[in-house]
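What you see is a predicted model, and the numbers here were worked out from it, not measured in a lab. First the proteins, then the strands, lettered A, B, ... as listed; each starts at 1.
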Amino acid sequence: MFDLERWEEIFDTIRKNKLRTFLTGLSVASGIFILVILLGIGEGMRNGISQEFKRDAANIIYIYTGVTSKEHKGLNPGRRIQMKNEDFNYTALKHQDDLEYRSSVFRIWNGIVNYGKESGSYRVEGVYPDYQFLENSGMIEGRFLNYKDHDNFEKVVVVGNKVRNDLFKDSKDPIGKYVQISGINFKVIGVYTDPGGEREESRVFMPLSTAQRVFGGANNIANMAFTLEPEESFEAALAASNRFSTDIENQLKESHTIAPDDESAVSINNSLENAKRFYDLMDMIKFFFWGVGICTIIAGVVGVSNIMLIIVKERTREIGIRKALGAEPLSIVGMVLHESIFVTAIAGFIGLIASLLLLEFVGPLIETQYIANPAVNFNVALTTVFILVLAGAIAGFFPAWRAARIKPIVALRDE
Amino acid sequence: MIEIKDLHKSYKMGSNSLHVLKGINFNVAEGELVSIMGSSGSGKSTLLNILGMLDEADSGSYTLDGVPIKDLNEKIAARYRNKFLGFIFQSFNLISYKNALDNVALPLYYQGMKRGERIEKAMSYLEKVGLADWAGHLPNELSGGQKQRVAIARALASDPKMLLADEPTGALDSKTSYEVMNLIQEINDEGRTILVVTHEPDIAAMTKRIVNLKDGKIIQDTRVNQVRALENV
């Protein structure tokens, strides 16, 4: 391999047979190119779908109630189930060691919000301070609600970025200003942003206690949201959240006298469960892309070995001449293999670099909902190049070996 | 230089075998210029291939410069060919994508000689055959006579004990043929042993000894007065 004379001989041959070298290289380079692009798009789809889940905390569990559909213990179907603060407090206390963040939500209907001449209709919700983390919100200005606001029934609100832009068009700083909700003044203490985008940013949050008191909510809540403490693995987290979901469902059904098999009274939206479905789908897609990629590599290898066969056939006479001049069989095998490995390796790297450049520069320009930032693990790509070179060498070895075994006299007669 | 005793060779042609060489006994001393003549099918090419270690005999012994040539594996045969023999073919058999100089240097590459040394030596042999100015040309840019002279330079490059020429003038017109024969005679004059296979009597007459083959046997082996090729040019 490190024989300088051999290298000179190889370079000489390659230089004098540009077309042949180019064709061999092309099939290898395009194989690698297609594989890497496919893997990149697969990764991009994964990223894109993962981004869809970033709207809320990844492991959030929402609980909301509806109307019963079955009679139970003498109660008619069609009852509206209303969750109370006690439901939330009970759950929060019972699972306090397992829960990471917790909040109940009181929804204020007809949430018309005014500032000066500007007004808009937004979702106005009374929440606990933990809600910031449940919603995955970040603060742009000011602060989020805290427990002191809650305990003191403070009339303060945190508005979304879109709300800020709508209502405070001119004045840059909304902090400390007062907005009116249903004619009541609330002081703006913060502006948040949400990875879910505008829809998620057109909301206004105030302390739950304030909302219930000011808007006549008694101790009603519309829904509850929880996240559990992180687990070691996705499977463990999924199991824990399923356990929690079942437990809370049973508890609610018991305390509100709902039939255990009533599907519509209590709904639990477990985002891990949803995520699992998407990740399973992604794994399928990834698997499919790998399948296509492997097939591409096989096609590439077949292409290389085909060309190698032609090369050996074409060079039979030359091999005969070389043997007559004193070339040993191993040197013939070495010559053919050395050349093919060199060509496939260089071509493979060219294909790899071309596809990586394409992903690097064109990838970020792709703005489809389900594809984001397509990229490929460089090690994976490198591995495929080595596999291809190795497979090409193995595929090329047999024609080379056969060529080396041809008797020189037969090879010399070959026209 | 060459001692051959009772050499037999047959080829399998489907179910029946063709007995090509039927007991050849033949010696060549150092410095001889021998032509092997015979009509096609007489076994002269087969004999040359066996002498050139490109093919193997079924039975009989072959000694080259005191070295018994038998039970060769590919590797040893290749080494012997490189060290002992220089080939000159009817169809030249130059490597088409290498220039004249690199073609001449090829046997030296297989001797493991360094590139600089190799090129220098190859150049001196090209000069010897009068083609120093054509060193950078590819074979298809050369005339038939020039190609054969490059092939002769290549055969000489490894400084072999013996040159084997298989119809060296078969593809050339008579004027060029005589020029090539003149070169071969000059090389022989320097003391190198040369075997020429030919079916042309005028070419055979330019050697010092004519061996006549018919149906796989030597029917005549005579020393002749060499005709100098230069006289005919």
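- At a 4.5 Å heavy-atom cutoff, the contact between K114(B) and chain A is made by backbone and side-chain atoms alike.
- By number of non-hydrogen pairs under 4.5 angstrom with chain A, the leading residue of D55(B), N93(B), N82(B), N73(B) is N93(B).
- Between E328(A) and Y110(B) the shortest side-chain heavy-atom distance does not fall below 4.5 Å.
- By the ring-ring contact (aromatic ring centres under 6.0 Å, His included) test, F22(A) pairs with no residue at all, sequence neighbours left out.
- The contact between F89(B) and chain A is made entirely by side chain atoms (from C-beta outward), counting heavy-atom distances below 4.5 Å.
- With a 4.5 Å cut-off on side-chain heavy atoms, R154(B) and I321(A) count as touching.
- The salt bridge (Lys or Arg N to Asp or Glu O under 4.0 Å) search around D133(B) returns none, not counting sequence neighbours.
- Crowding of E141(B) atom CD: a count of heavy atoms from other residues, nucleotides or ligands under 6.0 Å exceeding 12.
- Residue R15(A): no heavy atom, backbone or side chain, is found under 4.5 Å from chain B.
- A 6.0 Å sphere centred on NZ of K161(B) holds no more than 12 heavy atoms belonging to other residues, nucleotides or ligands.
- Judged by distance alone, the side chain of R79(B) and the main-chain N or O of G326(A) form no donor-acceptor pair under 3.5 Å.
- The 12-atom threshold is not exceeded at CZ of F287(A), counting heavy atoms of other residues, nucleotides or ligands nearer than 6.0 Å.
- The neighbour count for K121(B) NZ, taken as heavy atoms of other residues, nucleotides or ligands under 6.0 Å away, is above 12.
- When only modelled atom types and interatomic distance are considered, S96(B) and R317(A) share no side-chain donor-acceptor pair under 3.5 Å.
- For the pair R405(A) and E74(B), the salt-bridge criterion is not met [side-chain N within less than 4.0 Å of a carboxylate O].
- L325(A) pairs with exactly one of I95(B), L106(B), L85(B) by the side chain to side chain contact (heavy atoms under 4.5 Å, CB included) rule, that one being L106(B).
- L94(B) touches chain A through its backbone: at least one of N, CA, C or O sits under 4.5 Å from a heavy atom, while the side chain does not.
- Scanning both residues, A78(B) and A327(A), for their nearest heavy atoms gives CB-O, 3.4 Å.
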